[in-house]
Amino acid sequence: MPQVKSIIVVALFVSSGLFGFDSPAAAQNDKRAFKAGASMSNITPPLGELIVGGWRPMPATHIHDELYAKCLVLDDGTTKLAIVLCDNVGIPQVVFDHAKQRASKATGIPASRMLLASTHTHSATTARGPSKVVREDELTDYQQFLVSRISDGIRRAVNQLEPAHIGWGAVDEPSEVFNRRWFVKDDKLSANPFGGTDRVRMNPPRGSDLLDKPAGPIDPQVSFISVRSVDGRPIALLANYSLHYVGGVKPGDVSADYFGYFATYIAKHLGAAGQKPAFVTMLSNGTSGDINNINFTAKTRKRYERYEKMQEVARKVADRVAAAHSKVEFKAWVPLAAAYHDLPLKVRRPTPAMLEYLDRYLSDKPVEGKPRHSREPIYAMRIARLKNAPDVIEVPLQVVRIGDLGIAAIPFETFAETGLELKKKGPFAQTFTIELANGSFGYLPTPRQHDLGGYETWLGTNYVERHASEKIVAKLLEMFETLHNSSKPAAASR
Ligand SMILES: [Zn+2]
């Protein structure tokens, strides 16, 4: 009899340890054991690959600083979660899906509990296919490299799981975020590449008297989650700020932008530079589809050396986080949960007027009296490519719960007002959104912003139906509610 019993115990151990199944016995044994592990996988591309952050792709000719997939795995004794931040401008869903499947097979963590996102550095090489809405199942060499590096990163973080304490906080840094969409006083500034005029202009001329007011808010909040070993050694820090990127790199350089410098400064603040195993800092992008680092109303501007400004911004944000970090209350255990949903969205189609205008462009018959817009060729090409797009795409939505903190994951370049709405309406004490998570489907303006027009709303920059942001927010709030109501009573008291 005793022999039979031990076999059952071994079987339970194997099933919960290796494959991550949530068995009641494992919950009883480990419910108070909170663990964390972190790792960094180098994902620097070979030189010659195309950098795609600007209008014209250019081959990478130098590596200024290495790119990483930074991985954090958390384990509350019954549920494991993986969060990975990749230094890239936008990794498509197909690459993340392959990485999740591979990592899930090796670690037993369900793919639905893996949140994989891009930082949106504009100085990384492309991990995309030709279209944001047509799924390409044949992966390029660099995409395959990303799949294995991300998946290995999750496995290595699991290998390094150790008893840990966790805490979080938030602090405002309003001085480095500016809404980049402006109402302007001259229609010439707000022409679009479809022969029409918008009501707002993205990145208007700085310091111009023709600027009226910004078309949307900013979100000044920097949120962060900190994990350390039980004896106080920093393991990882995940921060979130709604700033597109900073830039100021040398053309042809590969760089992680200010996301990379932030990690260096935080490690210094926490005394974790050069530590083994490495302290891992991930700066995730919040909701920055309409936010950048340019003060449009300033009449004079400081000249910066290359890489100088991104260091200035990274240092400022890191200083703020470090000061707030010193007040964080670390907890020995918190419940973890995640939920995932594929939301169907209609793919936008060109209007007859748009097609007619672009036809004239392609047949080189300009519309009389209309100056040519410099982006017409690009948008004519993007719209032509939409012929192969499906009518409906399913976009991955995800929510994560860490104690009374909620994280929403949206696979678009999301506007600040959407992030602010989720922060306001979410049921948790603290909430933030990671954009470009689990995929990269272009910009996500709200219906109000669609009415105003501007670059982010143009078909070929945005691809999904007008009410997509409202559908996404409604679904995420519903998913948040479900997670919020499903607390784990047996262990929630600590
Ligand atoms: Zn961008």
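Atoms considered below: every heavy atom in the structure, side chains included; atoms not considered: hydrogens, waters and symmetry mates. Atoms within each ligand, like the ligands themselves, are counted from 1 in listed order. Numbering of residues begins at 1 and proceeds along the displayed sequence.
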Contacts of type salt bridge (charged side-chain N to carboxylate O under 4.0 Å, His left out), residue E394, not counting sequence neighbours = none

Determine how many protein N/O/S atoms sit closer than 2.8 Å to the Zn ion (ligand 1), leaving waters out since they are not shown.
-> 3

Output the distance between atom OH (Y379) and atom NE2 (H373), rounded to the nearest 0.5 Å.
-> 8.5 Å

Sidechain-backbone polar pair: E176 side chain, N293 backbone, donor-acceptor under 3.5 Å = no

For Y241, which of F262, F224, Y258 qualifies under side chain to side chain contact (heavy atoms under 4.5 Å, CB included)?
-> Y258

Check: H244 ring centre within less than 6.0 Å of H122 ring centre = yes

Between T44 and E66, is any side-chain donor less than 3.5 angstrom from a side-chain acceptor?
-> yes

